[in-house]
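Here's the structure, in structure tokens; my notes come after.
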Amino acid sequence: MKKYSVFNLLRHAWTGNRNWPAAWREPAPRAAYQAIIIGGGGHGLATAYYLARNHGITDVAVLEKGWIGGGNTGRNTTIVRSNYLLEENSRLYEFSLQLWAGLSAELNFNVMYSPRGNLWLGHSDGHMNSLARLGNAMGVRGIDAELLSRKEVQEFVPILNCGAGTRFPVQGGLLQRRGGTVRHDAVAWGYARAADTLGVDILQNCEVTGMQIEQGKIRGVVTSRGVIRANQVAIVTAGHSSHLAAMAGIKLPVESHLLQAMVSEPVKPVLHTVVMANAFDCYVSQTDKGEIIMGADLDFYPSYSQRGNLPRIEDIARYTLTMFPCFSRLRLMRTWGGINDMTMDGSPIIGPTAIQGLYINGGWCYGGFKATPGSGWLFAEMLARDTVPEILAPFNPARFQAGATIDERGTGPWPHRH
Amino acid sequence: MQLIPCPWCGPRAHIEFRYHCDAGGVPQRGHVETDTEWQDRTWLRANHIGWHHEIWQHTDGCRGWIVVTRNNLTHAVAKSVPVGPAGLEPAP
């Protein structure tokens, strides 16, 4: 790997930027690997990278059916935060948030981590009470949280419509200053380049169509590029976890739903933070390119289609304009949809399965992106040492039958309501 | 937009309806479940790509409960019938 630096930038500028080497190789699949990771998204690539970096295991293949980062890693709204109420979630997402801070230097790739703050709005007394409780829960764990009054919210985001004349007047908010955004594509590319440098094979256009299981042990996978053998296989396929698990005869506590997001045309800097209105589950921020990026709740019916319906787009636009009437003249530039593996308690499922050597890391609902580095770090530890790291222990897929759910919203086994 | 044929109101846009759950896990009347069966029905889902029986309610219409046979990849809707054993015939 050629290290990216100012000197290299100048040198390549001198030759018209025609001689940059490819960021990663395109190897042919080998017959066997020590470990196979199915899914070349952020979590899969991060797992491969940390397997090589932290544990010296480089005989690893990452299998991706399309192109890396083409699934949910490239479809989210790039928000990172760790403002969770339950301790299990709190520890996992806080671990990730700390890794985001140093990731660009670690990967020698600018992932554009921008701690621009993450502001959750409160719209009623009850809502402010729940935000205060959330802030206190974060505070006792040493995670930063500030409860803002309505005046402070207005000062922090001057273009936000807090006025009494609106349908949902803003009463205040909870601000996590270390939250913010990270460039999602750069995360996939950065991890891919760094993992490839350490010897990991990234195999694109390699779809897994079956699993080879002998006497309860995983022995390899059947792919569109031939059979590849390995005694350790990890399913890290957000959006298709059930589909892959079914190949091994495993049924998951997952229902796949559709989530949409969209961006406006780019404009000059106008919104310097991430604003989330929980009253209607809408989140808005501005990308570094200047687009206003908007997202909201699910489309509320199971779907594998990766494309959404217009009524939800209309809802998102309406929610956004409720908060920011000044965006009313912006033109919508692009909309897209992704598949969300919604679990029965709204928290991910990570751990070994009933098949020896087969692991799963999925069911991230609509919160997976922010966990990418922490998930990869800890999951790599699980694969390398064949033990469950303490932070991941509560996320065992078998927790449901034991009644030990991690239900952040307390809504019960209704996957689309988490 | 998906067009769902309500057995009582005729074809209507899907935003008039609310998805409730997968119909595959509904227990059969008179069957006494074991603990394992109950756990599996409560927590696990087939969630395969393709045709499913789903329970929806016509919330912004007649408020009737229906079993919709729908493809979760193409969003094609084959049929819908009132809730009951007839809705659970094999999908096309």
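None of the values given here were measured: they were computed from a predicted structure. So that the names make sense, note that chain A is the first sequence line, chain B the second, and so on, each numbered from 1.
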Checklist entry - Are the side chains of B:His52 and A:Pro302 in touch, meaning some heavy atoms are under 4.5 Å apart? => result no
Output for pair (A:Lys251 NZ, B:Trp43 CH2), nearest 0.5 Å, gives 15.0 Å
Here the gap from A:Phe300 atom CZ to B:Trp56 atom CH2, rounded to the nearest 0.5 Å, amounts to 11.5 Å
Counting heavy-atom pairs under 4.5 angstrom with chain A, the leader among B:Met1, B:His75, B:His48, B:Gln39 is B:His75
Given B:Ile49, B:Asn47, B:Asn72, the one with more heavy-atom pairs under 4.5 angstrom with chain A than any other is B:Asn47
Check your understanding: Does the side chain of A:Gln401 reach to within under 4.5 Å of the side chain of B:Asp35, using non-hydrogen atoms?
Key -> no
Value for CD1 (A:Ile339) from CG (B:Leu73), rounded to nearest 0.5 Å, stands at 8.0 Å
Turns out that what part of A:Phe400 lies under 4.5 Å from chain B's heavy atoms comes down to both
Whatever's closer than 4.5 Å to a heavy atom in chain B on A:Arg417 counts as side chain
- Any side-chain heavy-atom pair from B:Asp22 and A:Glu255 closer than 4.5 angstrom? yes
- Task: Measure the acute angle between the ring planes of B:His14 and A:Tyr301, then classify it against the limits of 30° and 60° as parallel, tilted or perpendicular.
- Result: perpendicular
Bottom line for A:Ser241: the part with an atom under 4.5 Å from chain B's heavy atoms is neither
Might you confirm whether atom CH2 of B:Trp65 has over 12 heavy atoms from other residues, nucleotides or ligands at distances under 6.0 Å? yes
Closest non-hydrogen contact found for B:Ala46 with A:Ser242 is O-CB, 4.3 Å
If one checks every heavy atom of B:Arg70 against chain A at 4.5 Å, the contacting part turns out to be side chain
Honestly, the part of B:Thr74 sitting under 4.5 Å from a heavy atom of chain A is backbone
In terms of heavy-atom contacts, does CZ of B:Arg18 have more than 12 from other residues, nucleotides or ligands at under 6.0 Å?
no
The interface call for A:Leu310 against chain B, heavy-atom contacts under 4.5 Å, is neither
